[in-house]
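Single-structure report; data block below.
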Amino acid sequence: MSNNIPIMTLDGPAGAGKGTVSRAIAKTLGWQYLDSGAIYRSLAIAVQDAGVLLDDIGGIVDIANKMDLRFGSGEAPSVFLYGQSITDRITSETCGHITSKIAANGLVRQALLQKQREFCRFPGLVADGRDMGTVVFPEAKYKVYLTASAEERAKRRFKQLKEKGIDVSLMGLAKEIEERDRRDMERSVAPLKMADGAVLVDSSDMRIDEVIDRCLGLLAA
Ligand code: DC
């Protein structure tokens, strides 16, 4: 499937630091970066914009098959849906919540599979998500399950949103993260779990550079 292109997968719950760590690893190695969560989140935005209801799976799959989605190539993450920037819209907690509901459906996940696999190009790929090492790239040579305590993850996400000027309550955020984790882990299709052969990294008490070094260390092992 990946034609010997090296792949590192990073799966884990919301707020574990996967995005920051994956981006840094991809930059260090000069590899492609797949933010699979952004693809799912973009679909949620496209579904909302089209006025399609969340239980209309046929309608959602149709949008997933047709949506024109592009990622900016600059340093800062940017996402364009039908040519319009949706970068800010996809980062909201509400979007994350709706996304997690849509992502629980197998037909929806199937429709997004190819889009994700297209990111696998030379010289390598860092793939960030929930099922990167289990379903999308099971053949990946380097697999990480990145987690942190629920409290630490809520705090980090709170700080991130505050920095963006988004007002949220820490308690509300912790509750939403917990609910989203449960849904992502308990769904019957491609649930969040440790892939076979994955290395567990608990970043609760680690600095971000330590997490990055730990993941990069896998290449040397
Ligand atoms: O990583 P994220 O927070 O941007 O992901 C948002 C939601 O998308 C997450 O709660 C579940 C879903 N998702 C998924 O089901 N599979 C992925 N590979 C990535 C994200």
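First listed ligand is number 1; within each ligand, the first listed atom is number 1. Since we're looking at a predicted model, the values are computed, not measured. Only heavy atoms go into these numbers, but all of them, side chains included; no hydrogens, no water, no symmetry mates.
Using a 4.0 Å cut-off between charged side-chain N and carboxylate O, Glu179 and Arg182 make no salt bridge. Ion pairing of Asp196 with Lys143 is absent here, as no side-chain N (NZ or NE/NH1/NH2) approaches a carboxylate O to less than 4.0 Å. Under a 4.0 Å N-O distance rule, the pair Asp11/Arg130 does not qualify as a salt bridge.
Some N or O of Arg187 is nearer than 3.5 Å to an N or O of ligand 1, by distance alone. Between Asp131 and ligand 1, at least one pair of N/O atoms sits closer than 3.5 Å. In terms of polar-atom proximity, defined here as any N/O pair under 3.5 Å, Arg41 does make such a contact with ligand 1. Checking only distances, Tyr40 never comes within under 3.5 Å of ligand 1, N or O to N or O. Taking distance alone, with nitrogen or oxygen atoms compared against 3.5 Å, Asp184 approaches ligand 1 more closely than that limit. When only interatomic distances are considered, the shortest N/O to N/O separation between Arg130 and ligand 1 falls below 3.5 Å.
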Which is it for Ser203 and Arg156 under the side chain to side chain donor-acceptor pair (under 3.5 Å) test, yes or no, and what are the steps along the way? CA-CA 11 Å; Ser203 70; Arg156 286 181 195 167; 3.1 Å; yes
Apply the test side-chain contact (heavy atoms from CB on, under 4.5 Å) to residues Leu200 and Val144: give CA-CA distance (whole Å), side-chain angles for both, the deciding distance (0.1 Å), then the verdict. CA-CA 6 Å; Leu200 175 70; Val144 176; over 6 Å; no
Show your working on side-chain contact (heavy atoms from CB on, under 4.5 Å) between Met8 and Lys141 and close with a plain yes or no. CA-CA 7 Å; Met8 181 182 287; Lys141 189 158 177 204; over 6 Å; no
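Side-chain polar atoms of Gln160 and Arg157 form a donor-acceptor pair below 3.5 angstrom.
Protein heavy atom closest to atom 19 (C) of ligand 1, with residue, atom name and distance, is Ser36 OG, 3.4 Å. In terms of protein heavy-atom proximity, atom 20 (C) of ligand 1 is closest to Gly37 CA, 3.6 Å. In terms of protein heavy-atom proximity, atom 6 (C) of ligand 1 is closest to Arg180 NH1, 3.4 Å.
For ligand 1, the atoms sitting less than 4.0 Å from at least one non-hydrogen atom of Ala103 are 12 (C), 15 (O), numbered in the order shown with element in parentheses. Of all atoms in ligand 1, listed by their number and element, those nearer than 4.0 Å to a heavy atom of Thr99 are 7 (C), 8 (O). The atoms of ligand 1 that sit less than 4.0 Å from any heavy atom of Ser100 are 10 (O).
Note: Tyr142 and Phe137 fail the aromatic proximity criterion, with ring centroids not under 6.0 Å apart.
A side-chain donor-acceptor contact under 3.5 Å links Arg187 to the backbone of Ala190.
For the ligand labelled ligand 1, residue Met132 lies inside the 4.0 Å heavy-atom shell. Heavy-atom distances between Arg109 and ligand 1 reach below 4.0 Å in at least one pair.
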